[in-house]
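Okay, so here's the structure we're looking at.
When reading the values below, keep in mind they use all heavy atoms of this one structure, side chains included, and skip hydrogens, waters and symmetry mates.
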Amino acid sequence: MVALDLLTLERVARLICDVDGPYERTGSQVERFLHRVRWPGDPQYDGSPRIPWLTEVLSSHAGDAAALDRLLCRICDPLEYDGGVEAAEPIAQELNRILAPEQLTVTYVGGRPVLGQVSQAGEIPLYGPPPDLHERVRRLTADSKAVEILMARADEASICQANGAYALAIIGIGSFVEGLLHVVVTDRDETVRRSGLVGRGGRRVPAERAGLHLLLEYAHRQKWVQTDAKDFMEKVRDYRNFVHPRHQIEYGLVPDLDTVRMCWAPVHALLNDLESAP
């Protein structure tokens, strides 16, 4: 779970407002920033001093790990700045200075910012399932049976990771992502539920037979998933195919703990995108 001290929240608020800095946000711009990350409560700027107002807004939902995850990543997302990555990286450095006492860090994975814990042995970010995963999946679909099954897949992937079954952990992560995208796509689009998706050669593929690649492509076209998250998730898709031993033999990879952590990282970005999409 992400849980930040009040002083950390105030420093984060200062960074977002950047008063007199090169990326200063007015009160209305801060409000729009919060709307982009789907901050709970639909906050409306009231004209009071920005930093105290924003600190109060952040504190009001300080226990919402998913919202904090989205907010912290969006602060240094290249999408936020005209200068792209060059502008975002110094922001990420300052944010990581603020987050250091909390043993958290934001790093770029496949071009997207991802929040991770810092290992006690050094500065290596540790990635596992996204924070508050059950609640976040529940918010994306009202299908309680689907939530139960998806969480079982994620939990089993974590169990495999914890016990050294790294190939099975990767397969589980890919299976979780495929199931999540299937639920989200079919929930959000009646046409897909009724007529399926367009596959190679223009042929219609029934929704229940759509694979991870096709689901990713569709979610990307709908702008529910950003390009970088989609591209890196394709790598997870490749690893998920290790369910077929011949594929792993051809690929020539023996997964280890770092491989599994690397596969969890784009899941964070994917989930943030799905939650932030209109």
Side-chain angles (χ1 to χ4, degrees), residues 1-6 8-9 12 33-43 56-75 77 99 102-106 109 112-117 125-162 169 172-189 212 215-216 219 222 224-226 229 233 236 260-261 263-278:
M1 294 288 289
V2 179
L4 302 183
D5 185 87
L6 179 59
T8 302
L9 289 175
V12 169
F33 173 82
L34 293 172
H35 290 175
R36 285 195 292 276
V37 299
R38 295 292 193 270
W39 189 258
D42 191 27
E56 183 177 349
V57 168
L58 299 184
S59 301
S60 66
H61 291 279
D64 190 328
L68 284 171
D69 190 343
R70 294 194 301 272
L71 178 117
L72 293 172
C73 289
R74 188 73 190 194
I75 291 171
D77 194 320
L99 295 177
E102 306 276 4
Q103 292 188 304
L104 295 170
T105 186
V106 175
V109 178
R112 297 301 303 283
V114 178
L115 183 68
Q117 290 185 311
L126 304 179
Y127 298 112
D132 207 8
L133 184 57
H134 184 278
E135 179 63 20
R136 297 173 78 171
V137 172
R138 189 188 66 77
R139 290 174 186 169
L140 288 171
T141 177
D143 187 338
S144 59
K145 185 63 176 179
V147 173
E148 180 182 338
I149 291 173
L150 288 172
M151 288 310 305
R153 294 295 173 97
D155 290 343
E156 288 167 6
S158 295
I159 291 169
C160 290
Q161 176 179 344
I173 293 169
S175 177
F176 165 78
V177 171
E178 182 176 276
L180 177 63
L181 282 174
H182 180 270
V183 168
V184 169
V185 168
T186 53
D187 277 359
R188 293 182 181 181
D189 196 318
L212 180 51
L215 291 165
L216 273 172
Q222 298 299 110
W224 299 338
V225 175
Q226 298 295 329
M233 189 55 69
V236 177
V260 180
R261 289 170 174 165
C263 288
W264 275 122
V267 178
H268 288 238
L270 180 83
L271 195 59
N272 286 344
D273 283 351
L274 291 174
E275 291 173 329
S276 300

Sort out for me which residue in Q226, R112, H268 forms a side chain to side chain donor-acceptor pair (under 3.5 Å) with D273. R112

Closest non-hydrogen atom pair between [X] and [Y], with its separation:
| X | Y | result |
| --- | --- | --- |
| R188 | L274 | NH2-O, 3.0 Å |
| C263 | V236 | O-CG2, 3.8 Å |
| L181 | A219 | CD2-CB, 4.2 Å |
| V183 | A146 | CG2-CB, 3.9 Å |
| S158 | W264 | OG-CZ2, 3.9 Å |
| S60 | V57 | OG-O, 2.5 Å |

Rounded distance (nearest 0.5 Å) linking atom [atom1] of [X] with atom [atom2] of [Y]:
| X | Y | atom1 | atom2 | result |
| --- | --- | --- | --- | --- |
| D132 | D69 | CG | CG | 10.0 Å |
| H61 | L9 | NE2 | CG | 12.5 Å |
| L270 | F176 | CG | CZ | 8.5 Å |
| I149 | S144 | CD1 | OG | 10.0 Å |
| R138 | L150 | CZ | CG | 14.0 Å |
| L72 | L4 | CG | CG | 6.0 Å |

Is [X] reaching over with its side chain to a backbone N or O of [Y], donor-acceptor style, under 3.5 angstrom?
| X | Y | value |
| --- | --- | --- |
| E178 | L212 | yes |
| R70 | V37 | yes |
| T141 | V137 | no |
| E102 | D5 | yes |

With a 4.5 Å limit on heavy-atom distance, are the side chains of [X] and [Y] in contact?
| X | Y | answer |
| --- | --- | --- |
| L58 | L68 | no |
| Q117 | Q103 | no |
| L99 | T105 | no |
| V12 | L71 | yes |
| S59 | L6 | yes |

Side-chain donor-acceptor pair under 3.5 Å between R38 and N272, yes or no? no

Run the numbers on D42 and L34 for side chain to side chain contact (heavy atoms under 4.5 Å, CB included), then give the verdict. CA-CA 8 Å; D42 191 27; L34 293 172; over 6 Å; no

Can you establish whether the number of heavy atoms outside R136 located under 6.0 Å from its atom CZ is more than 12? yes

Give a yes or no on this: more than 12 heavy atoms of other residues, nucleotides or ligands lie within 6.0 Å of atom CD of E56. no

Going by side chain to side chain contact (heavy atoms under 4.5 Å, CB included), name the residues that satisfy it together with T186, two or more places apart in sequence or in a different chain. H182, V192, R193, A207

Applying side chain to side chain contact (heavy atoms under 4.5 Å, CB included) to D64 and W39, what does each step give before you reach the verdict? CA-CA 9 Å; D64 190 328; W39 189 258; 5.8 Å; no

Residue set satisfying side chain to side chain donor-acceptor pair (under 3.5 Å) with E148, at least two apart, ordered chain then number -> none

